[in-house]
**Student:** 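For reference, the structure I am asking about is given below.
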There are 2 protein chains.
Amino acid sequence: MGESPNISLSELQIALMRVLWARGETSTAEVASIMAQDRGLAHTTVATLLTRLEKRGVVAQRRDGRQLLYRALVEESAVRRSMVADLIGSLFSGDANALVAHLVEESEIAPDDLARIRHRLAQGDGDER
Amino acid sequence: MGESPNISLSELQIALMRVLWARGETSTAEVASIMAQDRGLAHTTVATLLTRLEKRGVVAQRRDGRQLLYRALVEESAVRRSMVADLIGSLFSGDANALVAHLVEESEIAPDDLARIRHRLAQGDGDER
DNA sequence: AGCGATCTACTACAGTCGTAGTACGACAGC
DNA sequence: GCTGTCGTACTACGACTGTAGTAGATCGCT
């Protein structure tokens, strides 16, 4: 079964998805107005992007009157999983720890945060929100 | 001055770079034979890839007789920095800690590793600022 | 000197991406 | 009912990628 071995999206595509992830089923117009606001994209551009994502199977499209409503078919976590794995595979020789080490070395996170994260995960464990 | 705000490379390009990073100045033939071995690429393909990287300014080319020798102009750490930052920016809303949390949640690293990494970095400390 | 092996340079081509215009159908207001 | 508006569908186009073939220069060997 299973889909989604390799869901890699561009920055822009992720921005689109982010809207769908946040609002669930969303009309082209709505997505377009957000993207227009955020980065001045023409709404035909957004429509094009969305149909492409649909053709790719990462979103589903449903018609409502003459509008199209889009809904994400992949979850954000799946995309994260896939893209992070790709990055680790290509840039860190598959070693996730090396990525964390890199983050600390580049001061993207403070060493203390590691402890904090660890605690948070250790106790709050049954996450799911 | 300054170069390198955004050095984003594809998986394949990284594979090429990896060779250059590992061996320093390397002839097309050498890179090509490695890539042929690793993923069956024709060596004209590799040559094309290398010239493209050169045009992009990420590697430098030097002629030795009729051969071309290539050398990386960007360091692996710079690419890591840039690509990891991009990923965090687009997929984790700029929150590096969220990336680490993701790694632990997806069991890409064990919680204990965080402590281990922290220790390693704490003592070997090369913190810069 | 000629021939084959090498190597680079140039060209090709399909696929994706970012970006958007144009064409056309439908709906709402006058 | 006609007209402007809104929305989708189709087309476009240049850049970049992955992939490689062909042409042409060269070098070494017999």
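Order of the sequence lines sets the chain letters (A, B, ...), proteins ahead of strands, with each chain counted from 1.
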**Student:** Got a donor-acceptor contact below 3.5 angstrom from the B/Ser93 side chain to the B/Gly89 backbone?
**Tutor:** no
**Student:** Which whole-number value in Å describes the distance from A/Leu12 CG to C/dA20 C1'?
**Tutor:** 13 Å
**Student:** Rounded to the Å, how far apart are A/Asp38 CG and C/dT19 C1'?
**Tutor:** 17 Å
**Student:** Could you give the CD-to-P distance, from B/Glu30 to C/dT8, as a whole number of Å?
**Tutor:** 12 Å
**Student:** Over how many whole Å does the gap from A/Leu53 atom CG to C/dT19 atom P extend?
**Tutor:** 14 Å
**Student:** Does any residue of residues 40-52 of chain B have a heavy atom under 4.0 Å from DNA chain D, and if so, which ones, in number order?
**Tutor:** B/Leu41, B/Ala42, B/Thr44, B/Thr45, B/Thr48, B/Leu49, B/Arg52
**Student:** Rounded to the nearest Å, what distance is computed from the CE atom of residue A/Met35 to the C1' atom of nucleotide C/dA20?
**Tutor:** 14 Å
**Student:** Can you tell me how far P of D/dC10 sits from CG of A/Leu68, to the nearest Å?
**Tutor:** 11 Å
**Student:** So, A/Arg80 and B/Glu105, do they make that salt bridge, N to O below 4.0 Å?
**Tutor:** no
**Student:** I'd like to know if the side chain of A/Thr26 and the backbone of A/Gly24 have a donor-acceptor N/O pair within less than 3.5 Å.
**Tutor:** yes
**Student:** Roughly how many Å is it from OH in B/Tyr70 to P in C/dA9, rounded to a whole number?
**Tutor:** 7 Å
**Student:** Under 4.5 Å between side-chain heavy atoms, counting indirect links through other Ile/Leu/Val/Met/Phe/Trp/Tyr residues: same cluster for A/Leu73 and A/Leu12 or not?
**Tutor:** no
**Student:** Go through residues 55-67 of chain B and report each residue with a non-hydrogen atom lying under 4.0 Å from DNA chain D, sorted by number.
**Tutor:** B/Arg56, B/Arg66
**Student:** For the side chain of B/Trp21 and the backbone of B/Leu16, is there at least one donor-acceptor N/O pair under 3.5 Å apart?
**Tutor:** no
**Student:** B/Ser8 or A/Leu69: which one's nearest nucleotide on DNA chain D is closer to the 5' end?
**Tutor:** A/Leu69
**Student:** Report yes or no: does B/Thr45 contribute a side-chain atom to a donor-acceptor pair with the main-chain N or O of B/Leu41 at less than 3.5 Å?
**Tutor:** no
**Student:** Examine B/Leu69 and B/Met17 and state if one hydrophobic cluster contains both, with Ile, Leu, Val, Met, Phe, Trp and Tyr joined whenever side-chain heavy atoms are less than 4.5 Å apart.
**Tutor:** no
**Student:** Check this for me, if you would: do B/Glu76 and B/Arg18 make a salt bridge, where the nitrogen-to-carboxylate-oxygen distance has to be below 4.0 angstrom?
**Tutor:** yes
**Student:** Is it the case that the side chain of B/Ser82 and the backbone of B/Ile7 share a donor-acceptor pair, with hydrogens and angles ignored and the cut-off at 3.5 Å?
**Tutor:** yes
